[in-house]
Amino acid sequence: MSARLDIFALPSGSRLVKQFAAVGRLVTESPLPAATRELVSLRVSQINGCAVCIDMHSKEAAAAGESAVRLHLVAGWREATVFTEAERVALELAEQGTRVADGAGGVPDEVWERAVKHYDEEQLMALVALVAFMNTANRLNVILQQPAGDYQPGQFT
């Protein structure tokens, strides 16, 4: 399988990737814990069916020391005992923010109130930005049918 467009070969695609990467760096450089960033990125990508992002974020998380058990349980985080309360609320916020079009109505106040107990405002801003960023990345990759499996940790850093 090959992508519908080689986004890196097009002048407009190269500009898009450069600007998009700058937004991604803002989230990466935020005070949101790295493990939380990867777990949220993986969960949003699972929901959206973005294989290339699932590949990327599972490999990045593993390279950073995340356990295989936690990575395998992200899709079933509600029943899993391996996540902290802070990670659980981040995953819930990410799901609610991703499923907006499913009639979920966005992030409920009670989810936001739980998030506020675990994250400061800078971390919350990073979490919201990450969910929006990942949803955009997933949609670009799914529309373009970016193939998955060949990603190497650190490839885009």
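Note: hydrogens, waters and symmetry copies are ignored here, and every other heavy atom, side chains too, is used. Quick note: residue numbers are just sequence positions, from 1.
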Completion exercise
Rounded to the nearest 0.5 angstrom, the CD1-OG distance for Ile7 and Ser12 is 8.0 Å

Problem - Shared hydrophobic cluster, Ile47 / Val40 (ILVMFWY, side-chain heavy atoms < 4.5 Å) - result: no

Fill in the blank from the handout: Interatomic distance, CE@Met56 vs SG@Cys50, rounded to 0.5 Å, equals 8.0 Å

Completion exercise
Value for CG (Leu127) from NE2 (His118), rounded to nearest 0.5 Å, stands at 12.0 Å

Handout entry: Over 12 non-hydrogen atoms of neighbours within 6.0 angstrom of CD in Glu121
Key = no

Completion exercise
Hits for side chain to side chain contact (heavy atoms under 4.5 Å, CB included) against Ala34, two or more places apart or cross-chain, chain-then-number order -> Arg37

Problem - Close side-chain approach of Leu16 to Leu10, heavy-atom, < 4.5 Å - result: no

Exercise for the section: Say whether, by atom type as modelled, one donor and one acceptor occur between the side chain of Asn138 and the main chain of Asn48 under 3.5 angstrom. Expected result: no

Exercise for the section: Would you check if Val128 and Trp112 make a side-chain contact, meaning some heavy-atom pair closer than 4.5 Å? Expected result: yes

Handout entry: Rounded distance [0.5 Å steps], CG in Leu73 versus OG in Ser67
Key = 8.0 Å

Practice task
Please check if the side chain of Glu60 supplies one atom and the backbone of Pro153 the other of a donor-acceptor pair under 3.5 Å.
Solution key: no

Completion exercise
All heavy atoms of Asp150 vs all of Gln155, minimum pair found to be O-OE1, 4.0 Å

Handout entry: Arg88 versus Arg78, closest heavy-atom pair with distance
Key = NH2-O, 3.0 Å

Practice task
Please report the closest heavy-atom contact between Trp77 and Glu92, naming both atoms and the distance.
Solution key: CH2-CB, 3.6 Å

Handout entry: Close side-chain approach of Gln123 and Pro33, heavy atoms under 4.5 Å
Key = yes

Practice task
Compare all side-chain heavy atoms of Leu26 with those of Phe133 and state whether any distance is below 4.5 angstrom.
Solution key: no

Problem - Distance in Å, Glu66 CD paired with Leu39 CG, rounded so as to fall on 0.5 Å steps - result: 5.0 Å

Exercise for the section: Of all the heavy-atom pairs spanning Lys59 and Gly149, show the shortest one and how long it is. Expected result: NZ-O, 3.0 Å

Practice task
Report yes if some heavy atom in the side chain of Glu85 is under 4.5 Å from a heavy atom in the side chain of Arg114; otherwise report no.
Solution key: no

Handout entry: Atom CD of Gln145: over 12 foreign heavy atoms under 6.0 Å
Key = yes

Problem - Same apolar cluster: Ile143 and Leu5, side chain cutoff 4.5 Å - result: no

Fill in the blank from the handout: Sorted by chain and residue number, the side chain to side chain contact (heavy atoms under 4.5 Å, CB included) partners of Ile54 (sequence neighbours excluded) come out as Leu42, Ser45, Gln46

Handout entry: Donor-acceptor contact below 3.5 Å, side chain Arg70 vs main chain Val82
Key = yes

Problem - Single-linkage hydrophobic cluster Val23~Leu32, side-chain heavy atoms < 4.5 angstrom - result: yes

Exercise for the section: Verify the cluster assignment for Val107 and Tyr119: are they in a single hydrophobic cluster under the rule of side-chain heavy atoms below 4.5 Å apart? Expected result: yes

Handout entry: Glu29/Arg25 ion pair, N-O < 4.0 Å
Key = no

Handout entry: Considering all heavy atoms, the nearest Asn141-Cys53 contact
Key = ND2-SG, 3.4 Å

Exercise for the section: Quick one: closest heavy-atom pair of Leu130 and Ser41, and the distance? Expected result: CD1-OG, 3.5 Å

Exercise for the section: Output the distance between atom CZ (Arg99) and atom CG (Asn135), rounded to the nearest 0.5 Å. Expected result: 10.5 Å

Practice task
Determine yes or no for a side-chain-to-main-chain donor-acceptor pair under 3.5 angstrom, with Asp55 supplying the side chain and Ala51 the backbone.
Solution key: no

Handout entry: ILVMFWY network linking Val142 to Tyr151, side-chain heavy atoms under 4.5 angstrom
Key = no

